[in-house]
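The block underneath contains the structure these notes are about, expressed in structure tokens.
The figures here come from the full heavy-atom set of this structure, side chains too, leaving out hydrogens, waters and symmetry mates. FYI, the numbering just counts along the sequence from 1. What you see is a predicted model, and the numbers here were worked out from it, not measured in a lab.
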Amino acid sequence: MSTLQMEFMKTIEGLSDDTMRMLLEVVRQVVLPLDHKKNVGASSEQQSKLRRLGSLKGQKLISEGYDIDESNDEIAKMFGVD
């Protein structure tokens, strides 16, 4: 085990199971590449192109043709911005 791995283990020692589950989920969804085994041995440049960050994994958030800026004036008014 590397020094960094041992330092990480000491850092998480004593955390609650809930916290460790949350950290594990973050690592799985955000840190690791989508297909980790295929990327082992790939250069960091290749890995950065192959991985997606975040939990949405490329899902569309708005429908085609929707103007996301259409409501800016209404939102500004809600927050008192001129």
Side-chain angles (χ1 to χ4, degrees):
M1 187 177 294
S2 74
T3 305
L4 186 57
Q5 288 172 320
M6 289 189 304
E7 183 179 343
F8 182 80
M9 295 301 291
K10 287 179 185 177
T11 302
I12 64 168
E13 197 172 286
L15 293 177
S16 70
D17 284 351
D18 287 340
T19 301
M20 286 194 285
R21 276 188 205 95
M22 187 257 327
L23 286 173
L24 181 58
E25 191 61 30
V26 168
V27 168
R28 286 181 177 155
Q29 289 188 14
V30 179
V31 178
L32 293 178
L34 286 177
D35 193 358
H36 180 68
K37 291 181 181 181
K38 282 186 180 178
N39 294 328
V40 172
S43 71
S44 60
E45 183 179 314
Q46 289 172 323
Q47 286 184 8
S48 67
K49 290 179 183 174
L50 296 172
R51 60 190 277 193
R52 294 180 184 158
L53 298 178
S55 61
L56 294 176
K57 297 180 183 173
Q59 296 177 18
K60 288 189 174 193
L61 299 177
I62 58 174
S63 60
E64 284 293 323
Y66 178 77
D67 182 8
I68 196 166
D69 294 318
E70 185 177 305
S71 302
N72 284 353
D73 293 337
E74 186 178 343
I75 294 169
K77 187 186 282 186
M78 287 171 49
F79 289 96
V81 177
D82 292 328

> According to the side-chain hydrogen bond (donor to acceptor under 3.5 Å, both in side chains) rule, which pairs have a member within residues 68-77, sequence neighbours left out?
Replying inline: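 Of all non-adjacent pairs touching residues 68-77, those that pass side-chain hydrogen bond (donor to acceptor under 3.5 Å, both in side chains) are Asp69-Asn72.
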>> Could you work out, with salt bridge (Lys or Arg N to Asp or Glu O under 4.0 Å) as the rule, every residue matching Asp18, not counting sequence neighbours?
In response: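 Testing Asp18 for salt bridge (Lys or Arg N to Asp or Glu O under 4.0 Å), a comparison that skips the adjacent residues, returns Arg21.
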Under the side-chain contact (heavy atoms from CB on, under 4.5 Å) test, residues paired with [X] that sit two or more places apart:
X	value
Met78	none
Thr3	none
Met9	Met1, Ile12

>> To the nearest 0.5 Å, what is the distance between CZ on Phe8 and CG on Leu4?
In response: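 Interatomic distance, Phe8 CZ to Leu4 CG, rounded to 0.5 Å: 9.0 Å.
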> With a cutoff of under 4.5 Å between side-chain heavy atoms, which Ile, Leu, Val, Met, Phe, Trp and Tyr residues group with Leu24?
Replying inline: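 None; Leu24 is a cluster of one.
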